Engineer: 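After the structure tokens below, expect a handful of questions from me.
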Amino acid sequence: MTFLNSAQQTAIEQGDGPVLVLAGAGSGKTRVIVERLAWLVSERGVDPRNLLALTFTNRAASEMRTRVAERLGVDRLAAWVGTFHSFGLFVLRRDIERLGRPAAFTVFDDADQLSLMKRLVKELPSGCVRVSPREALNWISRFKQWLHSPSEDDVGSAEDETYLKLWRAYHAATYNANAVDFDDLLVLPARLLGEHAEVREKYQRRYRYVHVDEYQDTNHAQFVLAQHLSAGHGNLFVVGDEDQSIYSWRGADLDNILQFEQTFEGARVVRLEQNYRSKESILNCANAVVSHNQFRLGKTLWTAQGKGDPVRVYEAADENDEAQFVVRDITERQLPLNEVAVLFRTNGQARAIEEAFRRGGLPYVVYGGMQFYSRKEIKDILAYLRLLVNPADEISLRRVLNVPPRGIGGVSFQRIEEYAKERGVDLFSVLREVETDQTLSGRARTSITAFVQLIDDLALQARSAGVGALVERLLDATGYRKYVEQGDAKDFRARLEIVDEFVSSCHQYDRDTGGDLTSFLQDLALVSDTDNLDPDAPTATLLTCHSAKGLEFDHVFLVGLEEGLLPHGSSLGDSEELEEERRLCYVAMTRARESLTLAWARSRTMYGERRTAAASRFLDEAPRDALHWIDAEPAAPRRAAASAPAGVDATRIQMGTRVRHAKFGDGTVMYTSGSGAKLRARIRFQTGRTREFLVSRAPLEIVEGNSS
DNA sequence: GAGCGAAACGAGGAT
DNA sequence: CGTTTCGCTC
């Protein structure tokens, strides 16, 4: 794409005021923002420092930054280009004190939130309904993203009552720990700009032109933030595609894009319907699938990239056959690996693909696996560092108080906790006064005193030393390397390497930025492993459909096209969720430039058990003549059938079946969901309690008709 | 309090 | 099937 078409040109040269660019897949969406930013600077004489561009991933932001800088011929771009979350962090660093909170706050990542919530669920009083920590976090997040606090009015069930309790506890715990979570990074700035006119005006004066990429993915807090930022001058330029909205489960509100014209007075709309990425065969297939959705504005994408080969479909016997087919096909067609991507619905599907790549000797990179920063060693070190700048951070304190083991076990810790609760102070303060607590053993007291001393010493050094030097001192003082060596006999070398890699990345940070520990820690919470995608590395890329958004490859393999997987099983009962699955399929298909290959497996191992599936309905929705079905290789000799599961005969579990549970006693099946190995049954016991079980796993037996 | 083996539970997507 | 938590022993 070396020139701009007239629609792109029109979009870029919109002057002041609100603008919505409805851009189809592969229509040069990012390029429009890049060119628009460059145009404002070179043609309209806008100072780059007055430009703001908000994205959803660091990867998108850094690509945009590079391209604008290139376009303007500068080394370092003065415009603010980054993710919503990093912008929120930027605002809070400057102005969080206006909300009465200190500037040295901790940013909780997903794992921190989860471990906090697990503890809160455990500590619930005994009368409460059991809920999962993840569900509770989702419930809370829904309210936060809408800038609401839940109240008694929002309680409709026993679960809600528990969630409300957990919300109160969660809110208090994060507040007391002087921490913010991912939602807070949007919610607090939105509140700040809403409640403090002088702060709002400061940012409005600074950022005269506000741009938002992937606008269809914005949630309400992000919408409010964008609204506040542009309210003074009205220069809000957003780009999005309702057909690529795949994050409603994360709170994205499609109404933001659907209602843009009504919300922002005088808004202009530009449509980009020419696709520059995919061959016609691929685009037709993707268009046909997504056209089965009811809720869409509707665009007619077309391409001039040529007809292209038909989209191929492979019917595999199982996930290994599917993976081997992908590897065989890449090898036979001699595809350049850096232009190959394998896309799947769930992270768990990566395993089989990886194995086939390894065996076939093809290099690959997986995105979304175990992330560097979520390794135990890194989390331990980070917890120490966080404690240095924020002693109120209880999550970190709990993590490292006895790591490496220093003789402060569960019993001592419980004492400390009770003591803190009685006196209404934070845990670290209790540790400081430990000498006066005669209930603790002498050994524990000595250890705790030494621990407090250690933290104080390191905190003192943190003021003068860089992060790298500080971490080395920390590793020495705690004997952390020795602890790693003694841990896992096989793995310890790799683990030490991780530690070393982290130390050198700290030194790098010091050289790059001057080494402020607080900023270092806050920034790290927003780093994700899809940030470092190297498009030129000679490796294939394995990734989920979700993380593939915004990327493109010459050759795409989309695997696991089965009912229950894509569309995912949890969406089957809900037409809106099903439409989101369809959009996800559309996004995946439109990543391909030259060739698209689909695959599905008649049987697949999940949770350690084989289960069979039907081909995805999305395959039926593609035009019959658009797909070319590849004949399977002669079937590999079947392995012996897996032994029958130990549980009851699943076909006999249905509404009304009377069962006996080893732990809960007799009950009746209220209803079932799922099927095969994933068949779940909700059972009401004679005690009046109800619970849901995975039939294949629960210790159930069927009570024959006349047992009562 | 630490270390070990057994049992339980979990995986839908991610800034 | 892989990982985390539980519970027992020293």
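Predicted model only: the values in this text are computed from it and were never measured. Letters A, B, ... are given to chains in the order of the sequence lines, protein chains preceding strands, and every chain is numbered from 1.
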Engineer: Mark yes or no for whether A/Q216, through its side chain, and A/D241, through its backbone, hold a donor-acceptor pair below 3.5 Å.
Structural biologist: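 Yes, because the side chain of A/Q216 sits within donor-acceptor range (under 3.5 Å) of the backbone of A/D241.
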Engineer: When all nucleic acid strands are considered with a 4.0 Å heavy-atom cut-off, which category describes A/T544: base, sugar-phosphate, or nothing?
Structural biologist: sugar-phosphate
Engineer: Out of A/R296, A/R582, A/R583, which one pairs with A/D243 under the salt bridge (charged side-chain N to carboxylate O under 4.0 Å, His left out) rule?
Structural biologist: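 The option that passes is A/R296.
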Engineer: Expressed as a whole number of Å, how far does the C1' atom of C/dT5 sit from that of B/dG12?
Structural biologist: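 These two C1' atoms come out 24 Å apart once rounded.
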Engineer: Between A/S571 and B/dG12, is there a contact of a side-chain N or O with OP1 or OP2 at under 4.0 Å?
Structural biologist: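 No, A/S571 has no side-chain N/O under 4.0 Å of OP1/OP2 on B/dG12.
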Engineer: Would you state whether a donor and an acceptor, one from the side chain of A/T346 and one from the base of B/dG13, lie under 3.5 Å apart?
Structural biologist: no
Engineer: If you look at every strand shown and take non-hydrogen atoms under 4.0 Å, does A/S86 touch a base, only sugar-phosphate, or nothing?
Structural biologist: nothing
Engineer: Is it true that A/W167 and A/F143 have ring centroids separated by less than 6.0 Å?
Structural biologist: no
Engineer: Is A/R250 salt-bridged to A/D217, going by a charged N under 4.0 Å from an acidic O?
Structural biologist: no
Engineer: Under 5.5 Å centre to centre and under 30° between planes: does that hold for A/H568 and the six-membered base ring of B/dG12?
Structural biologist: yes
Engineer: Would you tell me if any nitrogen or oxygen in the side chain of A/S547 comes within less than 4.0 Å of OP1 or OP2 on B/dG13?
Structural biologist: no
Engineer: Closest to the A/H546 side chain: B/dG1, B/dT15, B/dG13?
Structural biologist: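 Per side-chain heavy atoms of A/H546, the pick is B/dG13.
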Engineer: For the base of B/dG12 and the side-chain ring of A/W249, does the geometry meet a stacking cutoff of under 5.5 Å between centres and under 30° between planes?
Structural biologist: no
Engineer: Counting only side-chain nitrogens and oxygens, does A/N347 get under 4.0 Å of the OP1 or OP2 atom of B/dA14?
Structural biologist: yes
Engineer: Give me the distance, rounded to whole Å, that separates B/dA11 from C/dC6 when you measure between the P atoms they each carry.
Structural biologist: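 Result for the P pair: 15 Å, nearest Å.
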Engineer: Could you check whether A/H85 and A/F56 have their ring centres less than 6.0 Å apart?
Structural biologist: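 No; A/H85 has its ring centre 6.0 Å or more from that of A/F56.
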Engineer: Identify whether any heavy atom of A/F182 sits under 4.0 Å from a base atom; if not, whether one sits that close to sugar-phosphate; answer base, sugar-phosphate or nothing.
Structural biologist: base
Engineer: Counting side-chain heavy atoms from CB outward, which of B/dT15, B/dG12, C/dG2 is closest to A/T57?
Structural biologist: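 From the listed options, B/dT15 comes nearest.
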Engineer: Out of A/R617, A/R602, A/R604, which one pairs with A/E562 under the salt bridge (charged side-chain N to carboxylate O under 4.0 Å, His left out) rule?
Structural biologist: A/R604
Engineer: Does any non-hydrogen side-chain atom of A/T83 lie less than 4.5 Å from one of A/L54?
Structural biologist: no
Engineer: Could you go through nucleotides 2-7 of chain B and list every protein N or O atom that sits under 3.5 Å from one of its N or O atoms, giving the distance for each pair?
Structural biologist:
unit_1 : atom_1 : unit_2 : atom_2 : d
B/dA2  : OP1    : A/G407 : N      : 3.4
B/dA2  : OP2    : A/N402 : ND2    : 3.1

Engineer: Among the candidates C/dT5, B/dG12, B/dG13, find the nucleotide nearest to the side-chain atoms of A/E581.
Structural biologist: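 Given the options C/dT5, B/dG12, B/dG13, the side chain of A/E581 is closest to B/dG12.
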Engineer: Of A/L186 and A/S132, whose closest DNA chain B nucleotide lies nearer the 5' terminus?
Structural biologist: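 Closest to the 5' end, via its nearest nucleotide, is A/S132.
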